[in-house]
Structures are given as C-alpha cells and as structure tokens.
Amino acid sequence: MTLQETLELHVKAAIKSLFKAELESVEFQATRKEFAGDVTVVVFPMLRVVKGNPVVIGEQVGQYLLDNVDLVKGFNVVKGFLNIEINDSYYIDFFLSIKGNDFYGIVNQKDDNAVMVEYSSPNTNKPLHLGHVRNVLLGYSVAEILKASGKKVYKTQIINDRGIHICKSMLAYQKFGQDEAPTEDLKGDKLVGNYYVKFDQEYKFEISNLMAQGQSEEDAKKNAPLLLEAQQMLLKWEAGDEDVVALWKKMNQWVYDGFDVTYKNIGVDFDTYYYESNTYLLGKEFVAEGLKSGVFEQDADGSVWCDLTEDGLDRKIVLRADGTAVYMTQDIGTAIQRIKDYPDVGGMVYTVGNEQDYHFKVLFLILKKLGFDWAKNLFHLSYGMVDLPSGKMKSREGTVVDADDLIKEMADTAEEISKELGKLEEYSEDEKKELYKTIGLGALKYYILKVDPKKRILFDPKESIDFQGNTGPFIQYTYARIQSILRKANVSNNETMSTVELSLHDKEKQLIKQLELFPEIIQNAAVQHSPALIANYTYDLVKDFNSFYQNVSILGADSDVEKNFRVALSKTVSQTIKKAFKVLGIEVPERM
RNA sequence: GGUCGCAUAGCUCAGCUGGAUAGAGCACCUGCCUUCUAAGCAGGCGGUCCUAGGUUCGAAUCCUAGUGCGAUCACCA
C-alpha cells in the first residue's frame, strides 16, 4: 500500500469518527516547500459532506491522524490545507524496499495484447532530415515507454516506396545519372535525393519555357514533358515493366542502405518492415469488399468513396477512377496486413506529423466501419512540425537540416566542450570518440523529446543546442558523477545496512520522494504517449541530486551507516536516471 | 469559409484528474573550486498565464465568444 492509500483510509476514518460522515475520496498533493510537511490534504472538497470552517476541520483531522497513525509525526494547517509531516522511518523503509531492485518502476510481465508502434516511415526519394529525426526519436521512445509499462511492442514502419515521387528521382537518374553509384562520401539516400532535386529543377525550367510560349502556369505544370514521362514511368511500374522495376529496386536499395546507417547512428531499430508496394493491393481488396457491404459507394466515373458526412466529415476517396490506389487505400491495406501477420496485436500507434490529423481520423473511422474490433485501439501519435527560423524545411529547395550532418555536428560540439574542460586525459582516442557521440546525441535527443509532442519546435541551427541546465548532457554528467563516487566508495557490504539510527537530511528525503514517483511517471507517460513526462521527471530528479551532492558530503559522512546509506541512495538515483534515459533512447557515460 | 491544434518571464519550456504567493533552464547580476567531476551549487532580477465573459468556496487549467499563429479540407503522399 502506498503512503497516500494508507493516509486516505485514515482520513476517511477520521471524518467518520469526528463528523459521522462518509468521504468518497481524499485529495492529496505534495506539500509546497515553504511549509513544513511532506504530504498535504486539501480540506475544501470535504466541505460538501462536512459543514464547518476548513481550518478547524483541518486541525481536527490532523490531530486525529497524529493520535492514530504511527507514520504521522506532526501537522499544521494553513487556510484549508492540512500539511502532514511523515516519519523518516517511512521513507527509509521505502528506500530499502526498492534499493536492490533493478526493475523498480519497470513492469516486466507483459500484457497479452501487443501494440505495434509505427514510426519513421520515410519516402524513398530523399535522405532523412530533422523532421524525420523528431519522428524517429518520438516513435522509438514511445515504443520503449510502452514496453517499460508492461506492453509487448513491435516496432515497425511503412516504407513509402512507390508512387509518382519515386518515379521522379528515377527519371532524373535515368536521364542525367550516367550510372553514378553511391560511394563512401555519398550515401545512397543522398545520391537519390540529389536526383529528386535535379528533377524539380529541370521541371521548373520546362514550366517556365512553356509559359514563355504562352501557356498558363496551370497548363504548363500539367504539360511539362518531364512530368508526363514520370507519369508514364509510374504506369510502366504498375504494369511490371522489367527495366523500370530493375531501376526501382536498385535505387530503393541504395536508399535503404543509406537509411540503415542513419538509424544505426541515431540508435533506433525496428522489429518488422512494411512496404506500400506490398500492401496497396490488399487495400484494394478491402475496398472491393467494402463496396459490396455498402461501406463505400462508387461514382459514375468508377471512383470509390466513403461517405463520412454523417460523422461530420466529408466524402473521402478510397480508389481513383482509373482503379489505382491512393494513400488511404494503402493505409487500409497495411493496417489489416499487420494484424494478419501479428495476431496478438490489439492496437497500433502511428507516429506521424499533425499535418495528417485529418487523414488518421478518417482512416480509423473507415476501419471501424469495415468492422475491425481492433480499430478502436488505434492512436495517432501526432506531433508538431520542426520549423527553422527561415520557415518550413523543403527537400526540393534544399532548405533542410540533414539528419547525418546534424548528428555529426552535435558530436563535434560535444568534442569542443569536452576539450575545453579537459577531464578526459586517461581516455583513448576511440573511447573519446564514443563519448562525444554519446553526449552529442544525448543533447539532441533530450532537446527534442523534452518538448510536449503536440507542440511545434522552432530549431535554430545557429543557436544550436545547449549543454547546460535542462539538457541531456547535464543529466548525463550527473550520472557520471555518481559513477565516480561509486568507484571510490568501495562499500563492501551495503546489503545489511543498519539504518536504525538514521535521521534523514532534507535533501535525502526529497530524493526518496522523487524516486517514489518513478513507477507512476512511467505509466503516465505510456498512457499519454509522452516522452516529455519522462524527460521532465528525470531533470527534477537530477536537480535534487545535485543539490544533495553539493550540500551533503557522501563519502565524508560522519558515520559508516550514514555513508553507506548515501552511497546506496546515490546508486539508486543513478540507476533510475539510466532507466529513464533508456526509454528515451539516450545512453549514459561512466565518466565525462 | 468549415474543422483541428497551439498561445505561460526577453528566449526555450514545465505546470498531472481545477487548489496555497504560477515554476525551471538560457540570458543578465552576486557569491562558491587546497574537501566526493564547477557540463555544478547557493542567491538576485524578470509574469495583465492572448482578450472578454461564464461555471466554482477556488481557474493558467473547465465552458462560450473573440484575436493571433500553424495545419487541414486533393482522383498528392
């Protein structure tokens, strides 16, 4: 039973014995630091069942608790707030109960229903950029948080490997590529991306030519020879033309190889992959079925629609007049395919930007209408765009922050700062390199994950990312500091720690209170799909630790009992930092 | 125009199901390295919580209207 649960029973008993009234629930909050006490009971809500002055009621309840509950050692009432002081022994006992537990806060027995988390899901025509980075970090972290909260999780992505945009880079490569192949200096995804840009340049050139010949802009955009060729290519691809398919396979493989390097650098992974080129056909099948069952309707021109006007939405197309698949068709197919492949999956999380809020609203609704019971457990993890001070990132215009470059720059900055501080003499060059990467990535990941997913991020490359204050490196630094203490502590037998004589320092108590919150933070973050909650929790924990560290001597404690206790407390804090950062996908260094 | 999201200190962000005098970091200013790593600690400065109504003992938080910013409403993805 938690402290609050215990106190709740006693407060209810107090109200019953003092006022002969039944309380449905008791409202608690942490006592503000300017008042004495550990837990606060809010008296106001009780006024509904107990008439009287809140201060007087608070006093009476407080006295009752002091007389009847061993845990309570004192109380005070300010306005309608009953501040309760708890015996140190409660906190010491609690700490001893979690001290050796490596899994404290983490739920290991898994739910029967698995969750599939989709993230990344790039187009295969350009390299990953900062926008993808937010997606990848969020998706990976939410997957890890769900795991830690007791869910079985499959990480996946949907690879958008077909369509007109893919044909554009293929066509440009065919025309201008001269058999160029990826090299060590030019990854495959970058190479393909270059031809996507090339297509756009040539296309714009053709448009301006046509307009010079008197065509309207609208017509010119439709009639540009390059676009017509690209459309031809898509038809050939759908017809299975050998040359086109061969080129498609070759270029896509280059991109996949390039992406793999980036994912590995970021430190994320996937359990299974889906390709739109495989799932769009299944989508078509279900469109046909939905047409039979009346979920969809067909227009005179042959196009198929879903009428959502009764649900307050518009009509949505699910199949073009020429019978080819649209985005929605594919997503219907992909969802169904996933459940077929992994029957234990009872729900899915889609990590996709908020520009597609409407799309997912419609998709989930259509899947419900098609009668899938798992459709009620679909969640769109919608996140805000990452914008630059100059505005939106656009691949075709080259105004993007490239993912690989960004990661490298972060490591470089970490290197600069580390060299200035000069604490790493005994490290080998390889170890230093590894550490710079850990710190640089830690800074980047924390910077992005600490923000509520819903909010947009304005990323200023010049101002760059901080390494001080509420940042990844600050938290990593605290972890490293603790490891340093543990190396020096040499506490041989802290299992049989005697704590009878111990009285807690305020900073120690504060740390234990913060540790106590950890399991609930993990659960909460899972429910809300929010790594930001974990990040902010960890920051608070680390702030508390640093304050403890600078105000209380750990290794220089007055007694062995005290020293052992503080070492064990520090160790538990560091393990909690490590677990919290693990679900954020951030590593912690042994020293820095 | 319809729909959805966001708006808190100069900047970047917290603020859980409504609760005490709205909190951090950065920046700026003061102190603290012969003692466990100063990427740190202790403190100062800084707020009409977008506006106006409403609900309530109590509103940054809930409701309504408005303003600003963003997204979306494609036989693009």
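Since the structure is predicted, the reported quantities are computational estimates derived from the model, not experimental observations. Labels below follow one simple rule: chain letters A, B, ... track the order of the sequence lines, proteins then strands, and each chain is numbered from 1.
Taking atom C1' in both C49(B) and A22(B), one finds a spacing of 7 Å when rounded to whole Å. Taking the P atoms as reference points, C6(B) lies 14 Å from C13(B), given to the whole Å. Nucleotides C33(B) and U48(B) have their P atoms positioned 38 Å apart, rounded to a whole Å. Taking atom P on both U67(B) and C16(B), the two are 28 Å apart, rounded to the nearest angstrom. Atom P of U51(B) sits at a distance of 25 Å from the matching atom of C57(B), rounded to the whole Å. Taking the P atom of each, A65(B) and C11(B) are spaced 30 Å apart, rounded to whole Å.
Between R48(A) and C57(B) there is no side-chain polar atom (N or O) within less than 4.0 angstrom of OP1 or OP2. For A42(B), one of the phosphate oxygens OP1 or OP2 lies less than 4.0 angstrom from a side-chain nitrogen or oxygen of S547(A). Within the 4.0 Å cut-off from OP1 or OP2 of G23(B), at least one side-chain nitrogen or oxygen of R32(A) is found. Between Y477(A) and A39(B) there is a side-chain polar atom (N or O) within less than 4.0 angstrom of OP1 or OP2. Checking the phosphate oxygens (OP1, OP2) of C76(B), no side-chain nitrogen or oxygen of R162(A) falls inside 4.0 Å. The side chain of K488(A) contributes no N or O atom lying less than 4.0 Å from OP1 or OP2 of C36(B). A sub-4.0 Å separation between OP1 or OP2 of A24(B) and a side-chain N or O of K450(A) is absent.
Atom P of nucleotide C6(B) and atom CG of D387(A) are separated by 16 Å, given to the nearest angstrom. Distance R134(A) CZ to C13(B) P: 9 Å, rounded to the nearest Å. Put simply, CD1 on I465(A) is 15 Å from C1' on G25(B), counting in whole angstrom units. In this entry the distance linking CZ of F360(A) with P of G5(B) reads 17 Å, nearest Å. For L533(A) and A14(B), the CG to P distance is 10 Å, given to the nearest whole Å. A straight line from CD1 of I457(A) to P of A14(B) spans 9 Å, rounded to a whole angstrom. Counting to the nearest Å, the P atom of U72(B) and the OH atom of Y383(A) are 13 Å from each other. For the pair E416(A) CD and A39(B) P, the computed distance is 16 Å after rounding to whole Å.
Ring-base stacking between Y549(A) and G40(B) is not satisfied when judged by a centre separation under 5.5 Å and a plane angle under 30°. Under the stacking definition used here (centres under 5.5 Å, planes under 30°), the residue F81(A) qualifies as stacked on the base of A20(B). Stacking of the aromatic ring of F44(A) onto the base of G19(B) is found: the ring centres lie under 5.5 Å apart and the planes are inclined by under 30°.
With A20(B), A39(B), G19(B) as the candidates, the nucleotide lying closest to the side chain of P45(A) is G19(B). Side chain of V326(A), nearest nucleotide from A20(B), A74(B), A77(B): A77(B). Comparing A7(B), C76(B), A24(B) against the side chain of Y539(A) picks out A24(B) as the nearest. When the nucleotides A14(B), A39(B), A77(B) are ranked by their closest atom to the side chain of V451(A), A14(B) comes out on top. Distance from the side chain of N123(A) is smallest for A77(B) among the nucleotides A74(B), G19(B), A77(B). Of the candidate nucleotides A39(B), A14(B), C36(B), C36(B) has the atom lying nearest to any side-chain atom of S553(A). Of the candidate nucleotides A7(B), C26(B), U3(B), C26(B) has the atom lying nearest to any side-chain atom of D466(A).
Annotated as syn: C33(B), whose glycosidic dihedral is within 90° of 0.
A480(A) comes within 4.0 angstrom of a base, heavy atoms only. Q356(A) comes within contact range of at least one nucleobase, with a heavy-atom separation under 4.0 Å. Counting any heavy atom pair closer than 4.0 Å across all strands shown, V552(A) reaches a base atom. Among the heavy atoms of the strands lying under 4.0 Å from T40(A) is at least one base atom, whether or not backbone atoms are also near. The residue K79(A) sits close only to the backbone: its heavy atoms come under 4.0 Å of sugar-phosphate atoms, none of a base. When heavy atoms are screened at a 4.0 angstrom cut-off, Q528(A) is found touching no nucleic acid atom at all. Contacts of M385(A) with the nucleic acid, taken as non-hydrogen atoms under 4.0 Å apart, are absent. Within the 4.0 angstrom heavy-atom criterion, no nucleotide atom of any strand lies near D540(A). Contacts of I439(A) with the nucleic acid, taken as non-hydrogen atoms under 4.0 Å apart, include base atoms. Across all strands shown, Q29(A) has heavy atoms under 4.0 Å from base atoms, whether or not it also approaches the sugar-phosphate. Looking at heavy-atom distances under 4.0 Å, I485(A) makes contact with sugar-phosphate atoms alone, never a base. Residue-level contact check: S418(A) touches the bases, meaning some heavy atom is under 4.0 Å from a base atom.
The one candidate from F35(A), F75(A), F44(A) that meets the ring-ring contact (aromatic ring centres under 6.0 Å, His included) condition with F81(A) is F44(A). When each of T329(A), V326(A), L282(A) is paired with V287(A), the side chain to side chain contact (heavy atoms under 4.5 Å, CB included) condition holds for T329(A) and for no other.
With ring centers used as reference points, F364(A) lies under 6.0 Å from Y350(A). The ring of F548(A) has its center closer than 6.0 angstrom to the ring center of F545(A). Taking the centre of each ring, Y537(A) and F518(A) come in below the 6.0 Å mark.
Aromatic ring orientation, F581(A) versus Y446(A): tilted (interplanar angle from 30° to 60°). Ring orientation note: the planes of W237(A) and Y280(A) are tilted relative to one another, at an angle of 30° to 60°.
Between K513(A) and D38(A) there is a salt bridge, since at least one side-chain N of the basic residue sits less than 4.0 Å from a carboxylate O of the acidic one. E587(A) and K578(A) are not joined by a salt bridge, as no carboxylate oxygen comes within less than 4.0 angstrom of a charged side-chain nitrogen.
A donor-acceptor contact under 3.5 Å links the side chain of N83(A) to the base of A20(B). With hydrogens and angles ignored, no donor-acceptor pair closer than 3.5 Å exists between the side chain of T471(A) and the base of A39(B).
If you check C32(B) for Watson-Crick or wobble pairing at under 3.5 angstrom, you find it paired to G40(B). Across all strands shown, G18(B) remains unpaired; no Watson-Crick or G-U wobble contact has both distances below 3.5 Å. Summarising the base pairing, G1(B) is matched to C73(B) through a Watson-Crick or G-U wobble pair whose two defining distances lie under 3.5 Å. Using N1 to N3 plus N6-O4 or O6-N4 for Watson-Crick, or N1-O2 and O6-N3 for G-U wobble, each under 3.5 Å, G23(B) pairs with C13(B). For A65(B), the paired nucleotide is U51(B), the pair qualifying as Watson-Crick or G-U wobble because both relevant distances are below 3.5 Å. Base pairing analysis places A60(B) opposite nothing; no Watson-Crick or G-U wobble pair with both distances below 3.5 Å involves it.
Heavy-atom nearest nucleotides on RNA chain B were determined for E590(A) and for K543(A), and the one closer to the 5' end corresponds to K543(A).
A donor-acceptor pair is defined here as one N or O able to donate and one able to accept, closer than 3.5 Å; such a pair exists between the side chain of Y203(A) and the backbone of K221(A).
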